[in-house]
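A short worksheet on the structure shown next.
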Amino acid sequence: MKRRQFLASTCALAMLPRTVFATQEPISLRAEAVMQQVLPAGDGRTSMLGFNGSMPGPELRLRRGHKAEIEVENALEEGTAVHWHGIRLDNMMDGVPVLTQELVQPGARMTYSFVPPDSGTYWYHSHYISHEQVARGMMGPLIVEDDVPPDVDHDITVLLADWRIREDGTLVDEFADMHSVAHGGYMGNFARGFLSRSQVRKGDRIRLRLINAATNRIIPLRIGGAAGSVVALDGMALPVPRAVSDITLAPAQRADVIVDVQEAVAFDMLTRDGTYRLADLAIAGVNTARQPGPISAHAPPVLPKPGTPTQHFTLSMMGGAMGGRHGGDNIWAFNDVSDLQPHPFGKFQRGETVRITLVNDTSFPHGIHLHGHHFYEVDADGGLGDLRDTTLVNARASRDIICVFDNPGKWLLHCHMLSHAVGGMRTWVAVA
Ligand code: C2O
Ligand code: CU
């Protein structure tokens, strides 16, 4: 497979736009065309889609347990819908045309209202022709604040993404070319991180909210200049913080880490040809007041405890290039069926515990996302592992997950490599 060379990143700082707090309710999000400096300053600007004049959209900060109202105005020339990725919300607010809502037509508005039950790091993105609208920039960070924030000097969001872009700044707009869809997906040749803060002090303890907002790229990330622990994955606090080494984030996955700053903090993507700088945090001053101490666990999320599974499904990923069984009538399929069918893949009673074996019978990794719920990855010795909303299953590997389906409605289950989703790797489940 031919690998595109990455465009150089000089890593001039890219900042997230100003945060919008829930106290400013109702929050307004205007989906619109934007011109953005994605490439380093001096290179061409890029015509994209975004929210409130920028790409990524503003960071939204909601309060756990409080009703949020977000009015989305569609100022695009095409329909859209916004999905609040990872939030366990009412099905009607999930933002999935045609499963949970009608399209928001150009010039129309829709108010999404929901009560986020879990604090943590989430994100929002278009869920209409998302392989294209997200690739054009329709995404942003969504933070549900902690009841009691951890003891850190700064809380910094780091949104990572990539784009297939020419040196004049124009996007290569073949978002669904067959070759990409059948392989790893529409992959950028330029990647970078957007940060909500540019500087820290040596000696600071900081929380980093890492979000992989790329449409298809798995990001193996190395954080240099700081040491600490992962405290949450996909928004959910780990019972015990885990020492950070390298962190692999599939598209849509998040990790919260707390680290102590030793020198300028570097965010590097590990590639076959070495490291590629995505972002960095400069040092300005020294924090002498902070005494290094252990990093404590965040308050555990409150989720239903799994019982003994009452149903066990196997979901086989199939199709794509480079071998693998083909079923379904699109490029990718689950269990020989491509795309959304009138009947759900699984039907569950509210509160039912279900085990699903995800079998990757293809030559590519897939990041499988379930809407409206978090599930446990079953770990190597058969126990309940991490809680996630998106799980990475490597080529020819398999993974079991256990989910308590306690949220009624129609929920998508799809590959979050958005090229694979449009290529057929999506299905849905119904919870009565
Ligand atoms: Cu991040 Cu179906 O979504
Ligand atoms: Cu996939």
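Counting starts at 1 for both ligands and their atoms, in listed order.
- Between atom 2 (Cu) of ligand 1 and His127 there is an N/O/S contact shorter than 2.8 Å.
- For residue His416, no N/O/S atom approaches atom 2 (Cu) of ligand 1 to within less than 2.8 Å.
- Between His414 and His371, the distance separating the two ring centers is shorter than 6.0 angstrom.
- In terms of modelled atom types and a separation under 3.5 Å, the side chain of Trp332 and the main chain of Gly328 share no donor-acceptor contact.
- Electrostatic pairing of Glu352 and Arg350 does not count as a salt bridge here, judged by no charged N lying under 4.0 Å from a carboxylate O.
- The nearest N, O or S atom of His414 is closer to atom 2 (Cu) of ligand 1 than 2.8 Å.
- Distance check for His416 against the Cu ion (ligand 2): none of its N/O/S atoms falls below 2.8 Å.
- Looking at His420, its N, O or S atom nearest to the Cu ion (ligand 2) turns out to be ND1.
- Atom 1 (Cu) of ligand 1 has His85 among its coordinating residues (N/O/S atom, backbone or side chain, under 2.8 Å).
- Between His366 and His416, a ring centre-to-centre spacing not shorter than 6.0 Å is recorded.
- Ring-centre distance between Tyr186 and His131: not below the 6.0 Å cut-off.
- Taking the N/O/S atoms of His366 in turn, the shortest distance to the Cu ion (ligand 2) belongs to ND1.
- Salt bridge status for Arg399 with Asp379: absent, with no side-chain N to carboxylate O gap under 4.0 Å.
- Checking His125 against atom 1 (Cu) of ligand 1, an N/O/S atom falls under the 2.8 Å cut-off.
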